[in-house]
Amino acid sequence: MPYRLVTHEQTPRLAEQLTALSNLAFAEYEGAPAVDAEFTRWYARRPGSTPGLCVAALDGDEMVANVLVAVQELSLGGEFIPCGIVDTVATHPDHRRHGLAHQLMDMAHDLMRRQSVEAGVLYTNPANHPYHFYTRLGYITRAQAAMLTGSRPAPAGDCDVRPMAADEAATVRTLVNDKYAAYEGFARLDGDLWRWHRVDRPAALPVQVIVAERAGRTVGTAALAGVSVLLDGRQTQVTVISDAVYDGAACLRDLLAAASQERLMALHDVRAPEHEALQQAGFTSAVGEVAMVLPFTDRARDLLSRPPTPWYVMVESVVGV
């Protein structure tokens with residue numbers, strides 16, 4: 001078929017077409033939410049994402065395959081370097097087995113190299129076909145992670161938990177940055193990333209940032225986002241817990257107890273202390289996930305030769321929230 005490989009700058013009806021393709025391509029993926037055009041337009045504004053770096057395959061004017069890229073400074077091997085975060089790699093079921101994903105990934109990698117990006121980073125389920133596809137492209141597994149689910153606990157009464165006040169945003173950003181700066185895969189929460197993550201969100205995907213206090217001192221925080229995802233073969237309303245910082249197991253329990261939904265979800269590297277803490281709180285692994293890296297430069301290859309620290313899993317790249 002005479003497909004055209006283009007950037008998003010050349011893709012007609014971008015939000016409408018990407019929304020339809022995403023819902024069609026990921027309909028059977030555990031942990032995947034259904035999305036609408038408002039979500040797609042918001043996601044396309046992700047800091048570091050530009051239409052000239054995102055690519056698509058067109059059959060006529062119809063988008064039949066896609067790759068999104070956002071360039072951010074991520075921690076890798078103890079240093080922050082520019083990485084291309086790759087996601088929404090999707091092909092219409094009627095147009096698979098034509099090599100479109102491979103061609104688009106090659107195109108995206110070339111565009112990233114031209115922009116002096118040092119590595120590509122993506123997430124996938126190691127039990128699914130895409131994992132082997134990415135391995136053949138040269139991506140290496142840097143971290144084993146898990147999508148953990150559990151039930152909202154009763155509060156422990158260790159901390160007072162309340163919604164974050166507007167003037168506390170800088171304090172919360174500092175808490176999160178200080179906590180996760182040593183984790184690989186972490187992008188510092190600067191002003192632009194904070195606004196995109198926490199303020200300028202779709203109306204259908206609200207987030208609440210909460211803080212935990214003890215004796216008048218802020219000792220914890222977390223972001224709570226409600227979303228409907230596919231779990232155990234059916235759509236389930238969950239609260240996704242991310243950017244959790246807490247002082248002890250009881251403080252974590254108080255943060256979890258503030259969720260609006262009974263079913264809770266979080267994503268963590270299996271080596272991270274947060275993974276163990278959630279397991280101790282009764283959470284179990286629902287879906288496996290891996291973080292994969294493709295180095296483009298000698299510096300990136302050198303950083304990957306260093307022993308890894310726990311990986312910070314980006315919920316926006318896995319679940320979309």
Side-chain angles (χ1 to χ4, degrees), residues 33 38-39 42-43 45-48 72 75 148 150-183 185-229 237-268 272-274 277-278 281 283 312-321:
E38 184 186 10
F39 171 93
W42 167 72
Y43 206 79
R45 296 192 297 270
R46 184 179 185 178
Q72 295 176 11
S75 176
L148 297 156
S151 299
R152 180 181 57 204
D158 177 66
C159 298
D160 295 320
V161 176
R162 58 172 176 76
M164 179 197 74
D167 61 0
E168 294 178 298
T171 299
V172 169
R173 281 172 50 194
T174 298
L175 278 174
V176 175
N177 285 334
D178 288 350
K179 165 71 177 181
Y180 291 106
Y183 284 49
F186 180 68
R188 294 186 185 93
L189 275 175
D190 60 13
D192 289 341
L193 196 53
W194 173 266
R195 282 188 294 274
W196 180 78
H197 262 299
R198 303 296 178 232
V199 181
D200 301 328
R201 296 172 62 87
L205 196 67
V207 67
Q208 183 182 45
V209 180
I210 56 176
V211 295
E213 292 181 327
R214 187 188 298 126
R217 186 172 67 90
T218 301
V219 295
T221 182
L224 312 176
V227 65
S228 179
V229 300
Q237 193 70 28
V238 302
T239 296
V240 178
I241 314 291
S242 61
D243 289 345
V245 180
Y246 50 90
D247 182 18
C251 181
L252 172 62
R253 182 172 165 179
D254 286 333
L255 289 168
L256 298 174
S260 59
Q261 303 293 332
E262 176 67 24
R263 191 83 177 263
L264 308 184
M265 176 188 290
L267 293 127
H268 289 290
E274 293 77 23
L278 287 171
F283 281 57
Y312 172 89
V313 181
M314 291 182 163
V315 293
E316 64 270 31
S317 284
V318 182
V319 184
V321 301

**Request:** Could you check Gln72 against Arg188 for side-chain contact (heavy atoms from CB on, under 4.5 Å), going step by step and ending with a plain yes or no?
**Result:** CA-CA 9 Å; Gln72 295 176 11; Arg188 294 186 185 93; over 6 Å; no
**Request:** With side-chain contact (heavy atoms from CB on, under 4.5 Å) as the test, would you mind laying out the steps for Val313 and Val318 before giving the verdict?
**Result:** CA-CA 8 Å; Val313 181; Val318 182; 4.0 Å; yes
**CA sep, side-chain torsions, deciding dist, call: Leu256, Phe283, side-chain contact (heavy atoms from CB on, under 4.5 Å)** = CA-CA 11 Å; Leu256 298 174; Phe283 281 57; 4.0 Å; yes
**Message:** One pair to check against side-chain contact (heavy atoms from CB on, under 4.5 Å): Asp192 and Arg45. What are the steps and the verdict?
**Reply:** CA-CA 10 Å; Asp192 289 341; Arg45 296 192 297 270; over 6 Å; no
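In this structure, Ser151 has no side chain to side chain donor-acceptor pair (under 3.5 Å) partners at least two apart in sequence or on a different chain. Residues satisfying the salt bridge (charged side-chain N to carboxylate O under 4.0 Å, His left out) test with Glu38, not counting sequence neighbours, are none. Scored by the salt bridge (charged side-chain N to carboxylate O under 4.0 Å, His left out) test, Asp160 finds no partners at all (sequence neighbours excluded). Under the side chain to side chain donor-acceptor pair (under 3.5 Å) criterion, Gln237 pairs with no residue at all, not counting sequence neighbours. With sequence neighbours excluded, no residue satisfies side chain to side chain donor-acceptor pair (under 3.5 Å) with Gln261. Scanning for side chain to side chain donor-acceptor pair (under 3.5 Å) contacts around Tyr246 gives an empty result, with sequence neighbours left out. Legend: residues meeting side chain to side chain contact (heavy atoms under 4.5 Å, CB included) with Ile210, ordered by chain and number and at least two apart, are Val161, Gln208, Ala222, Leu224, Leu255, Ala258. For Pro155, the side chain to side chain contact (heavy atoms under 4.5 Å, CB included) partners at least two apart in sequence or on another chain are Asp254, Ala257. Residues satisfying the side chain to side chain contact (heavy atoms under 4.5 Å, CB included) test with Ala182, not counting sequence neighbours, are none. For Trp42, the ring pair (Phe, Tyr, Trp, His ring centres under 6.0 Å) partners are Phe39, Trp196, not counting sequence neighbours.
A side-chain donor-acceptor contact under 3.5 Å links Arg201 to the backbone of Val321. Distance alone, capped at 3.5 Å, is enough to place a donor-acceptor pair between the Arg152 side chain and the Ser260 backbone.
Atom CG of Leu267 and atom CE of Met314 lie 12.5 Å apart (nearest 0.5 Å). Distance CG/Leu205 to OH/Tyr43: 11.0 Å, rounded to 0.5 Å. Taking CZ from Arg253 and CG from Leu278, the interatomic distance works out to 13.5 Å, rounded to the nearest 0.5 Å.
Scanning all heavy atoms of the two residues, the minimum distance from Ala250 to Ala156 falls at O-CB, 3.7 Å. Considering all non-hydrogen atoms of both residues, Ala259 and Thr239 come closest at CB-CG2, 3.8 Å.
A centroid separation of less than 6.0 Å is found between the aromatic rings of Tyr312 and Phe186.
For residues 171-180, the side-chain hydrogen bond (donor to acceptor under 3.5 Å, both in side chains) pairs, not counting sequence neighbours, are Lys179-Glu274. Residue pairs meeting the salt bridge (Lys or Arg N to Asp or Glu O under 4.0 Å) criterion with at least one partner in residues 213-222, sequence neighbours excluded, are Asp158-Arg214, Arg162-Glu213, Arg214-Asp247.
In this structure, Leu175 and Thr218 have side chains that are in contact, with non-hydrogen atoms separated by less than 4.5 Å. Counting heavy atoms from C-beta on, the side chains of Pro33 and Ser228 never come closer than 4.5 Å. Val209 places a side-chain heavy atom less than 4.5 Å from the side chain of Thr221. Inter-residue side-chain proximity for Ile241 and His268 is flagged as unmet; no heavy-atom pair is nearer than 4.5 Å.
Of the residues Val319, Leu148, Val315, the one that meets the side-chain contact (heavy atoms from CB on, under 4.5 Å) test with Met265 is Val319.
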